[in-house]
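Data first, discussion second: the structure below is written as structure tokens.
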Amino acid sequence: MLPTITTRDTSGRAHSFLGSPSSPAYNRAHRRPRSLSSVPTYLRRLVNFSQMDFEFALWQMLYLCISPQRLYRNIYYHKQTKNQWARDDPAFVVLIAACLSVTAIAYGIAYKLGALGIIGALLFMIFIDFLLVGVVVATAVWFFANRYLIQHHTHSVEQSVEWAYAFDVHCNSFFPMFLVTYVFQFFFLAIVTKDTWVGRILGNTLYLLGTSYYVYITFLGYKALPFLKNTTVFLYPIGVIVILYVISLLGFNVSKVILDLYF
């Protein structure tokens with residue numbers, strides 16, 4: 001816990017600088033959303049690369065691929081030191097944007113899009129695929145979790161999911177999916193763009209793995225919050241994904257359709 005400034009009256013009793021726990025000032029201060037107070041810090045770091053911890057962000061990316069549970073165990077330490085669940089460092093988002101930029105250039109060269117085409121693909125991947133979709137998904141899940149999954153206890157402080165944390169979970173889930181459906185797929189373009197059994201199985205399997213891993217890491221992100229209940233509901237979409245995968249093998253090449261829409 002962070003120390004607080006206290007003063008003593010003539011009777012020797014200690015008082016917080018915000019007053020007693022029953023005072024209105026104390027209640028207003030302690031009910032103020034921590035995610036709002038972190039926004040200025042987040043934005044300041046976004047325009048100052050020297051303040052970003054890229055080494056820690058790379059560590060997070062590594063463990064999202066090999067042991068995502070360990071990454072989410074680490075958020076307890078962040079909660080204790082920062083008093084918020086969400087990141088206050090945009091380094092992770094910046095690294096994903098950089099990875100998407102490199103990927104857009106690679107696909108642009110492979111499809112001979114030219115300079116303007118590459119810029120268009122880059123902007124679409126970052127601002128539509130990653131950010132806009134992320135905002136929509138994070139908002140929907142944030143609303144759902146706060147509306148239906150909060151555990152209410154009479155004798156404990158009421159907690160809720162921070163929207164910034166919901167967006168963090170999207171970012172965490174997006175990175176492994178990006179590696180599978182953007183990077184790994186790139187090396188098999190000659191196969192997945194062919195409407196053959198091999199291309200269909202390979203391309204559809206890549207999207208099965210990528211989207212299922214996205215759902216699984218999303219589940220881990222909300223399971224890590226001790227004030228949520230029934231978080232296994234976040235695993236249910238995997239069943240739908242598997243059913244759609246089996247149906248798609250009958251004649252729908254997901255990779256080919258998506259790549260044709262993009263390029």
Side-chain angles (χ1 to χ4, degrees), residues 35 38-39 42-43 45-47 49 52-54 56-65 68 71-72 85-111 113 116-144 161-187 189 203 206-222 234 237 241 254-255 257-263:
S35 57
S38 70
V39 171
Y42 194 94
L43 293 179
R45 290 184 175 182
L46 188 60
V47 295
F49 284 82
M52 298 185 199
D53 191 348
F54 289 106
F56 182 59
L58 288 170
W59 176 88
Q60 292 178 315
M61 288 180 166
L62 173 64
Y63 276 91
L64 280 170
C65 298
L71 170 66
Y72 282 117
W85 296 101
R87 294 183 179 100
D88 59 353
D89 185 350
F92 194 92
V93 173
V94 171
L95 285 178
I96 290 182
C99 291
L100 286 169
S101 299
V102 174
T103 304
I105 294 172
Y107 274 93
I109 293 174
Y111 279 89
L113 298 181
L116 291 179
I118 291 175
I119 293 173
L122 185 153
L123 294 176
F124 189 88
M125 287 183 180
I126 294 175
F127 291 100
I128 304 298
D129 272 5
F130 175 47
L131 294 177
L132 180 60
V133 172
V135 167
V136 172
V137 171
T139 302
V141 179
W142 165 79
F143 175 82
F144 175 80
V161 179
E162 304 161 1
W163 185 90
Y165 180 79
F167 185 73
D168 279 349
V169 172
H170 159 72
C171 294
N172 294 340
S173 304
F174 180 86
F175 180 68
M177 185 178 72
F178 156 78
L179 292 179
V180 175
T181 59
Y182 287 70
V183 178
F184 195 71
Q185 178 183 243
F186 178 79
F187 296 101
L189 286 179
L206 289 178
Y207 278 89
L208 168 69
L209 295 175
T211 53
S212 296
Y213 206 52
Y214 181 98
V215 171
Y216 174 65
I217 294 182
T218 298
F219 157 72
L220 292 179
Y222 290 95
F234 291 110
I241 292 170
V254 178
S255 287
V257 170
I258 291 178
L259 290 171
D260 287 345
L261 288 174
Y262 269 74
F263 307 109

Derivation of the side chain to side chain contact (heavy atoms under 4.5 Å, CB included) call for Leu100 and Tyr182: CA-CA 9 Å; Leu100 286 169; Tyr182 287 70; 4.0 Å; yes
Derivation of the side chain to side chain contact (heavy atoms under 4.5 Å, CB included) call for Leu189 and Leu259: CA-CA 9 Å; Leu189 286 179; Leu259 290 171; 3.6 Å; yes
Pair Phe92-Leu64, side chain to side chain contact (heavy atoms under 4.5 Å, CB included): steps then yes or no: CA-CA 12 Å; Phe92 194 92; Leu64 280 170; 3.5 Å; yes
Test log, rule ring pair (Phe, Tyr, Trp, His ring centres under 6.0 Å), inputs Tyr262 and Phe124: CA-CA 9 Å; Tyr262 269 74; Phe124 189 88; 5.4 Å; yes
Leu206 and Phe184: CA distance, side-chain angles, deciding distance, side chain to side chain contact (heavy atoms under 4.5 Å, CB included) verdict: CA-CA 8 Å; Leu206 289 178; Phe184 195 71; 3.4 Å; yes
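The two residues Leu95 and Ala57 have their closest heavy-atom pair at CD1-CB, 3.6 Å. Residues Phe234 and Val141 approach most closely at CE2-CG1, 3.4 Å, considering heavy atoms. Looking at every heavy atom in both residues, Ile109 comes nearest to Ile118 through N-CD1, 4.3 Å. Across Thr211 and Ile241, no two heavy atoms sit closer than the pair OG1-CG2, 3.5 Å. Listed here is the closest heavy atom pair of Gly210 and Thr181: CA-CG2, 4.2 Å. Nearest heavy-atom pair, Ala91 versus Met52, reported as atom, atom and distance to 0.1 Å: CB-CB, 3.8 Å.
With rounding to the nearest 0.5 Å, the separation of OH in Tyr207 from CD1 in Ile258 is 3.5 Å. To the nearest 0.5 Å, the span separating OG on Ser173 from CZ on Phe219 amounts to 12.0 Å. Here Leu179 contributes atom CG and Thr103 contributes atom OG1; the two are 8.5 Å apart, rounded to the nearest 0.5 Å. For the atom pair Ile96 CD1 and Met125 CE, the distance stands at 14.0 Å (nearest 0.5 Å). To the nearest 0.5 Å, the span separating CG on Asp53 from CG on Leu58 amounts to 9.0 Å. Remark: Ile217 CD1 to Cys65 SG distance equals 7.5 Å, nearest 0.5 Å.
Applying the side chain to side chain donor-acceptor pair (under 3.5 Å) criterion to Tyr111, with sequence neighbours excluded, gives no partner residue.
Remark: the backbone N or O of Arg87 is paired with a side-chain donor or acceptor of Asp168 at under 3.5 angstrom. No donor-acceptor pair under 3.5 Å is formed between the side chain of Trp85 and the backbone N or O of Val161. Of the possible polar contacts, one joining the His170 side chain to the Phe130 backbone as a donor-acceptor pair under 3.5 Å is found. Between the side chain of Tyr63 and the main chain of Tyr72, no donor-acceptor pair closer than 3.5 Å is present.
More than 12 heavy atoms of other residues, nucleotides or ligands sit less than 6.0 Å from atom CG of Leu261. Within 6.0 Å of CZ in Phe127 there are 12 or fewer heavy atoms belonging to other residues, nucleotides or ligands.
For residues 131-140, the side-chain hydrogen bond (donor to acceptor under 3.5 Å, both in side chains) pairs, not counting sequence neighbours, are Thr139-Trp163.
Between Phe174 and Val93 there is no side-chain heavy-atom pair separated by less than 4.5 Å.
In this structure, Tyr107 has its ring center closer than 6.0 angstrom to the ring center of Phe263.
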